[in-house]
2 protein chains.
Amino acid sequence: MVADVDRRPRAAQAEVTRRQILATAERLFAEEGLYAVSNRQISAAAGQGNNAAVGYHFGTKADLVRAIARRHTEAIEELRVACVSAVRGSREVRDWVDCLVRPVTSHLSSLDGPTWFARFAAQVMTDPAFRPVLAEESLASPSLREVLDQLSSCLPEVPPDVRADRADMVRHLILHVCAERERALAEGEVTPRAGWDGAATGLVDAIVGLWTAPHAGERSRPRPPGL
Amino acid sequence: MVADVDRRPRAAQAEVTRRQILATAERLFAEEGLYAVSNRQISAAAGQGNNAAVGYHFGTKADLVRAIARRHTEAIEELRVACVSAVRGSREVRDWVDCLVRPVTSHLSSLDGPTWFARFAAQVMTDPAFRPVLAEESLASPSLREVLDQLSSCLPEVPPDVRADRADMVRHLILHVCAERERALAEGEVTPRAGWDGAATGLVDAIVGLWTAPHAGERSRPRPPGL
DNA sequence: GGCTAAGTCAAGCAACTGATTTAACATCGG
DNA sequence: CCGATGTTAAATCAGTTGCTTGACTTAGCC
């Protein structure tokens with residue numbers, strides 16, 4: 001169980017197998033659904049004759065999901081840290097919204113070929129059983145906290161509960177728009193935007209508008225009486 | 001199980017059973033997850049000694065999901081039609097955004113006790129296998145098309161692809177914000193807004209801001225070079 | 001009253017699930 | 001060189017899945 005001796009051929013082969021299982025599981029989860037794919041199918045599709053390879057290298061299905069997620073969230077976290085340090089000191093809403101959106105889209109576009117992580121993450125965050133696996137550690141990111149704090153300080157006049165409400169909206173927006181775009185790409189549909197960078201621009205435009213929108217009370221117009 | 005079943009006519013008793021299965025399945029799906037619940041568990045939890053009751057009254061799991069969804073989407077559709085006819089002729093963005101949000105939140109608040117449909121729908125729309133079941137018929141609603149057309153005509157200067165992009169965002173926003181709020185309510189967490197009506201107001205505010213936000217190109221500020 | 005058909009119940013089916021166990025095998029430390 | 005170790009392979013386990021089957025109960029109609 002020593003960590004720093006994995007350069008040997010033996011440990012290297014195991015690492016190749018682990019990587020293969022991770023990649024295969026991520027693809028199958030995104031395409032077929034989290035629960036629709038069994039550990040056996042993953043092992044087989046990963047080229048492992050062993051039908052228990054997943055259980056051996058990872059543990060339960062939750063552990064596998066966590067391992068897949070961590071690999072991406074770590075990369076995204078690095079990009080976000082770089083993005084934050086690039087705009088630190090700014091008071092522009094758009095700069096900080098960029099720090100929320102660009103790390104995700106940039107990471108997805110950095111993966112060659114089709115991507116599956118956005119669809120995977122959307123499923124994990126929507127499933128009541130798997131949500132806690134990813135939610136805690138993902139929302140605890142210090143750089144993410146800083147971005148949200150900075151975004152809040154850009155709008156001191158907006159009540160805190162409204163800001164919290166909208167922060168949730170932004171989170172859902174980024175996740176599911178990326179997942180939907182990924183799915184559209186995979187199914188060969190036409191996408192509203194060309195490339196992940198264009199999608200990010202559309203997302204940032206919309207989020208800036210959402211974040212800076214006037215909040216309840218600033219509008220005096222009454223709602224229609226029907227509802 | 002129930003004492004007064006013997007007095008009911010035959011067909012009515014079957015309808016009671018169907019209703020019971022639908023309600024139980026909706027609750028279990030929302031709480032445990034779509035795939036985490038088997039037809040057997042649903043039958044048992046619905047008080048049916050028959051372990052194949054679900055298969056008998058409905059067909060496959062997809063058929064059950066469709067039946068659950070239809071019951072709610074029909075009610076929401078009615079509310080939306082009423083909402084649309086109330087604001088027809090208006091050129092205000094907020095009026096038409098109301099027609100997207102209020103029917104959903106109004107329907108959820110009309111159900112007494114805790115609700116499960118939003119979480120259920122979020123899972124269905126996120127799962128690659130079940131998404132087509134709900135997506136087609138839900139997006140084909142004529143009143144929904146009219147609202148989106150009216151919303152588009154409110155912003156003629158915005159390119160069509162940007163409008164399509166943002167329409168997708170609005171869809172995701174309404175669905176997953178309602179689902180998240182429902183989940184928070186079920187787990188006893190504090191919710192940013194009090195009541196579904198307040199949540200709808202926050203949602204409408206944000207969506208109006210999102211929809212009317214300036215789009216790419218209207219901002220001349222270059223993005224930070226880091227990404 | 002007796003018959004048909006619908007609804008319910010209970011048992012059992014093959015197939016599949018995660019998990020465990022055992023064997024084969026290459027690599028490593030000495 | 002050999003034994004220890006860790007990875008892969010393969011067989012097997014109990015439990016659960018959807019689905020089918022047949023018996024039982026009862027409403028509706030002749």
Side-chain angles (χ1 to χ4, degrees), chain A residues 1-25 28-29 32-68 123-124 127 129-130 133, chain B residues 1-25 28-29 31-68 123 127 129-130 133:
Chain A
M1 273 298 128
V2 191
D4 54 322
V5 269
D6 38 17
R7 290 306 157 87
R8 269 62 169 249
R10 169 107 136 267
Q13 178 55 35
E15 185 57 29
V16 166
T17 303
R18 279 178 56 98
R19 231 178 270 268
Q20 190 78 4
I21 291 177
L22 278 181
T24 306
L28 289 181
F29 284 158
E32 316 279 347
L34 268 179
Y35 283 94
V37 185
S38 69
N39 288 357
R40 282 176 127 90
Q41 291 175 299
I42 297 172
S43 295
Q48 295 295 306
N50 185 5
N51 57 17
V54 170
Y56 176 80
H57 285 282
F58 307 88
T60 87
K61 198 171 210 173
D63 295 327
L64 176 60
V65 166
R66 201 190 323 269
I68 296 174
Q123 286 183 63
V124 172
D127 187 273
F130 283 123
V133 172
Chain B
M1 307 291 287
V2 194
D4 57 320
V5 288
D6 325 330
R7 312 300 289 265
R8 295 179 181 282
R10 202 72 174 163
Q13 176 55 33
E15 185 56 28
V16 166
T17 302
R18 279 178 56 97
R19 230 179 270 268
Q20 190 78 2
I21 291 177
L22 278 182
T24 306
L28 289 181
F29 283 158
E31 289 177 347
E32 316 278 348
L34 267 179
Y35 283 93
V37 185
S38 69
N39 288 359
R40 275 177 135 90
Q41 292 174 298
I42 296 172
S43 296
Q48 295 295 307
N50 186 6
N51 57 20
V54 170
Y56 176 80
H57 286 281
F58 306 88
T60 87
K61 197 170 210 172
D63 294 327
L64 176 60
V65 166
R66 201 190 325 267
I68 295 174
Q123 286 184 60
D127 188 274
F130 284 123
V133 172

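No hydrogens, no waters, no symmetry mates; every other heavy atom, side chains included, goes into these values. Every chain is numbered from 1 and lettered A, B, ... according to where its sequence line falls, protein lines coming before strand lines.
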Open item on the list: Is there a side-chain contact between B/T17 and the phosphate of C/dG7, meaning an N or O under 4.0 Å from OP1 or OP2?
Closed with: no
- [ ] Using a 4.0 Å cut-off on protein heavy atoms (strictly under), produce a 5'-to-3' string for nucleotides 11-20 of chain D with B for base contact, S for backbone-only sugar-phosphate contact, and - for none.
- [x] BB----BBBB
Task: Spacing of A/I21 atom CD1 relative to D/dT7 atom C1', expressed in whole Å - done: 11 Å
Open item on the list: Nearest 0.5 angstrom please: B/Y56 OH to B/I21 CD1, how far?
Closed with: 11.0 Å
Task: Distance in angstrom units between A/Y56 OH and D/dA9 P, rounded - done: 12 Å
- [ ] Give a yes/no answer on whether the side chain of B/H57 brings an N or O atom under 4.0 Å of OP1 or OP2 in C/dT8.
- [x] yes
Open item on the list: Using whole Å, what does the distance between atom P of nucleotide D/dG6 and atom CD of A/Q48 come to?
Closed with: 18 Å
TODO: Could you list all the salt bridge (charged side-chain N to carboxylate O under 4.0 Å, His left out) pairs where at least one residue sits in residues 40-64 of chain B, not counting sequence neighbours?
DONE: B/D63-B/R66
TODO: Tell me whether the centres of the aromatic rings in A/Y35 and A/F29 are closer together than 6.0 Å.
DONE: no
TODO: Provide, to the nearest angstrom, the distance between the CZ atom belonging to B/R19 and the C1' atom belonging to C/dG7.
DONE: 17 Å
TODO: Determine yes or no for a side-chain-to-main-chain donor-acceptor pair under 3.5 angstrom, with A/Q123 supplying the side chain and A/L34 the backbone.
DONE: yes
TODO: Using side chain to side chain contact (heavy atoms under 4.5 Å, CB included) as the criterion, point out the one residue from B/L22, B/T60, B/L64 that pairs with B/V54.
DONE: B/L64
Open item on the list: Just verifying a value: how many Å separate B/Q41 CD and B/N51 CG, rounded to the nearest 0.5 Å?
Closed with: 12.0 Å
